Structures are given as structure tokens and as C-alpha cells.
Amino acid sequence: MNFKAIAIAAAAAAAATSVQAADLPADIAPVDYVRINDAYGAGFFVLPGTETAIKIGGRIRVEARFTDLLDDEDYSREDNNHNFRSRANLRIDTRTQSELGLIRTYMDFQYTSNSDSRGSDGVKLDKGYVQIGGFTFGLATSAFDLWTGELASNLFDRHLADDTVWQASYTHALGNGLTIAASIEDNSDREQGVFGAATDPDSGELIIGKAGNTLPSFVAKVLLNQGWGYAGLSGAVTKVDAPGDRDSSEVGYAVAGAVGFNLDMIAPGDVINFQAAYADGAMAYVGAEGDTPDAYLVNNDIETSKAWSVAGGYMHNWTSELSSGVEASYIDVDAGDDDFDFNQVVVAGTLEYRPVSGLLFSAGAGWKQDDVDGESKEDAGVLNFRVQRSF
């Protein structure tokens, strides 16, 4: 009797299972889980349905900057002697292996709001490029730039070439840490104009005038990276034009050399850097300020400005969370006009605290001295406090 009851129950269960199975679809699509891909570093995952690895990151930076600290600084009531700024960056990095090699795209969108402009600077594309093998096309760091500084504070600019430019470049690894690069670059952001090529519409005084782009800049670099540090040389050739009906033009050029040493024997992560540069008709390449002209007019002929600069810096890690750094630079400019024939010294230092990964608190101070021919030396100071979160 018990055996019959068990048999009947088993038959009923089998029948019910068959009916339920008949109601299910014949094919169930497999679940496409997100896969982690750490071959390119932390944070990359594979886009479902593709072989493309993507990383989404960014940064929020909030800071306060105080100027008008010394007697020589002449700020009016209309000027801001302090500035508060918030800046947000959204960065998207993709990598795909192909028959042509690695294909990479990189986008960095930047939004800035500060009290200097009493509003927002809007969203801009800070970087955006495509890399195919050793080729780079788009808006990226110039191939000319070597050491660009270590300090995490918004202080006076040291005299270093540090620009993002539109370019088509190629980088080739020769082996043993040695690479060479050649680049064709848009010069519009680095063009600083010709003094005397334009007049002020109100006062009639001569001012700096800029011509349109007629020829890109040509840049080359050789860089050696080793366990002890790095060494590099770079050079650029550009065209100097003045606006108006002038047939004359000049060739501008710049060369730079940099070397850096890892000082792990003092403390892990310690580095010291040195750089020197010379420019003729290409002032931005030596870190000259934007109002320093590349050339000036003499009897309607273009005469190029000349400048040289040196810079150095040391970053020391007191602990794994606390570090400090100091950087200094000097530039000497001969622009053929007393207003632009000058030298300048900049010294800056920071104290930086990183209690957890991706979080930074920094405090910095800077000093700058301008020595214009025929005028008294003028000093300026700046303080900066920053909170930054990177992810």
C-alpha cells in the first residue's frame, strides 16, 4: 500500500514538471556579466558585447588663492585679491586590441567655476585624442614638454613648457627605456604675437598683434627612462608672422633638456628634477608669460625675441601620507624693447597630505620677482589652499 502511494506521488510530480518545462522558452540567452580587465591598470572593465576595456574616472578640486600680499602689488578695488575656484574633471579611457595594435581613446572634460570670472568658464575639452600603435591624433600634451613640475598647488607658474596642443605625432620605442618622438603641432595656443604689429584703437599706442596660423610647429624629442630616473632632449621649429600686409616672416625655434633622479635612498618616492631651455622667436617654449612677444617690429622688419630659462625642484616624502616640495625657476628675456626686456625669478613650495588614496589636502606659498630693464624690481606673493578628490 505504501509502495503504491509513493509511485502515484512520483508520477504526479513528473507530470507537473513536464508541464512547467513545456511552458519555458526553448533557448535562454546567457547573462553577459561585466568582466574586469586589469591588463591596462586598475579600474578597467570590458564593455558588454565588445572586447573594449574602459575606465571612467575624474577629479574634483576646490581651492582658495590669496594674492596682494606684498607692498609692490598694486591691486585696485575692482581687482580680486583672492579667488575661490571649483574644478571638475570627467575622464574616459578606452583600450582595444586590434590587428593594427592597441587602439586607445582618451577624453578629459573640464568644468571650472571661480570668483575671478564671477561665474563659470563652462565645459571645455582639456584632452581628447586617439592613439593607434605609436601614433597620436588630437588634443594631447605637447611632445616638446619634458618636466612639468610636481607641486599640487595653484601658485605662480614656473618657467616650464606645459601645454596641451592639437597634434599628429609618432612615438617609437627603441628598447632599454629609450624612445623617440616626432610631432606636427598646432601653434595657435603657443603663439605670443609680434609687438608693434597692431595699435590700440583707443590710445593709438603700439601693442602686440597676432597673425593667423600659416604653418604648424615641428617638434622632436628623445627620452630615456631608467630605474635611476630619466633624461630627455626636445626641440621645436615654428614660423613667426606679423598681421597685416607684410611679406616678411622669421623662423622661431626652441630647445630644452631635462633630467630627473629617483632618490629612494632618502625616502621612497623622493625625486629631484632639473631643466634648461632656450628659445628664439618661441617664448612659450621656455615658459615665458603670455604677454611676452615672440618678436617685435623694427622698421617694419620682424626681429625675434630671445630667452633662456632654468628650473629645478625637489619632492620629499616624510611619511606615506605627508610630503613637501620646493621648486624654483629663472628666466631672462631679451625682446628688444625695455617693456619686454626683463628677468624673473619664481620660488614655490607646498605641504601635501594624503590620508587615504585619492584624497589630497595641500597648502602652498609662492614668491615672484620681476626685474624689467630701467625699472625697479617688483615682488609678488601668493598663498593657495586646496582639497582634491580623485577617483
Side-chain angles (χ1 to χ4, degrees), residues 136 139-149 157-171 179-195 197 208 210-211 213-224 230-242 248-260 273-296 302-313 327-337 340-346:
T136 299
L139 186 61
T141 300
S142 171
F144 182 87
D145 301 349
L146 295 168
W147 178 54
T148 57
D157 291 337
R158 273 72 72 205
H159 304 107
L160 302 167
D162 183 11
D163 286 284
T164 301
V165 298
W166 298 97
Q167 62 183 272
S169 62
Y170 178 72
T171 302
T179 60
I180 56 175
S183 182
I184 300 172
E185 301 182 354
D186 180 17
N187 192 48
S188 59
D189 287 338
R190 277 181 157 157
E191 179 191 5
Q192 298 192 180
V194 177
F195 179 75
I208 295 173
K210 291 185 178 182
N213 275 350
T214 58
L215 198 67
S217 298
F218 299 92
V219 178
K221 176 169 66 178
V222 57
L223 184 64
L224 177 66
Y230 75 93
L233 292 171
S234 62
V237 178
T238 187
K239 186 181 180 184
V240 183
D241 284 319
S248 63
S249 62
E250 292 292 335
V251 175
Y253 68 91
V255 292
V259 62
N273 296 276
F274 303 97
Q275 181 162 294
Y278 176 82
D280 185 333
M283 296 296 98
Y285 290 90
V286 291
E289 295 178 344
D291 58 356
T292 304
D294 291 323
Y296 49 95
I302 296 176
E303 298 288 341
T304 55
S305 304
K306 299 171 179 59
W308 59 273
S309 65
V310 291
E327 295 176 1
S329 65
Y330 174 86
I331 189 171
D332 188 280
V333 178
D334 180 5
D337 186 280
F340 301 109
D341 193 0
F342 69 96
N343 59 68
Q344 186 182 80
V345 180
V346 172

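Numbers for residues simply follow the sequence, beginning at 1. Predicted, not measured: the structure shown is a model, and the values here were computed from it.
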Between Pro216 and the options Ile184, Asp186, Thr238, Val165, the side chain to side chain contact (heavy atoms under 4.5 Å, CB included) test singles out Ile184

Taking atom CG of Asp291 and atom CE of Met283, what is their separation to the nearest 0.5 Å?
-> 12.5 Å

Measure across Val219 and Ala236 and return the closest heavy-atom pair with its distance rounded to 0.1 Å.
-> CG2-CB, 3.9 Å

Are Phe342 and Glu289 close enough that some pair of their side-chain heavy atoms sits under 4.5 Å apart?
-> no

Do Asn187 and Ser217 have a side chain donor and acceptor closer than 3.5 Å?
-> yes

OH/Tyr330 to CD/Gln344 distance, rounded to the nearest 0.5 angstrom?
-> 10.5 Å

How close do Thr292 and Val333 get, heavy atom to heavy atom, and via which atoms?
-> CG2-CG1, 3.8 Å

Below 4.0 angstrom, N of the basic side chain to O of the carboxylate: do Lys210 and Glu191 qualify?
-> no

Got a donor-acceptor contact below 3.5 angstrom from the Gln192 side chain to the Ile208 backbone?
-> no

Enter the distance from His159:NE2 to Gln275:CD here, rounded to the nearest 0.5 Å.
-> 12.5 Å

From Tyr230 OH over to Asn273 CG, what is the distance, rounded to the nearest 0.5 angstrom?
-> 4.0 Å

Separation between CG of Leu233 and CD1 of Ile180, rounded to the nearest 0.5 Å = 13.0 Å

Calculate, to the nearest 0.5 Å, the distance between atoms OG1 and OH belonging to Thr304 and Tyr253 respectively.
-> 8.0 Å

Contact summary for Ile331 and Gly287, nearest pair of heavy atoms | CD1-C, 4.3 Å

Compare every heavy atom of Ala311 with every heavy atom of Leu160, then report the nearest pair and how far apart it is.
-> CD2-CB, 3.6 Å

For Asp145, does its backbone N or O pair with a side-chain atom of Asp162 as donor and acceptor, under 3.5 Å?
-> no

Taking atom types as modelled, find out whether Arg190 and Ser142 have a side-chain donor-acceptor pair closer than 3.5 angstrom.
-> yes

Does some side-chain heavy atom of Val251 sit less than 4.5 Å from a side-chain heavy atom of Val237?
-> yes

Leu146 and Ser234 have their tightest heavy-atom pair at CD1-OG, 3.7 Å

Could you go through the side chain to side chain contact (heavy atoms under 4.5 Å, CB included) check for Thr136 and Thr171 one step at a time?
-> CA-CA 8 Å; Thr136 299; Thr171 302; 5.6 Å; no

Whether Tyr285 and Phe144 hold their rings parallel, tilted or perpendicular, with breakpoints at 30° and 60° | perpendicular

How far apart are the closest heavy atoms of Gly232 and Leu223, and which atoms are they?
-> CA-CD1, 3.9 Å

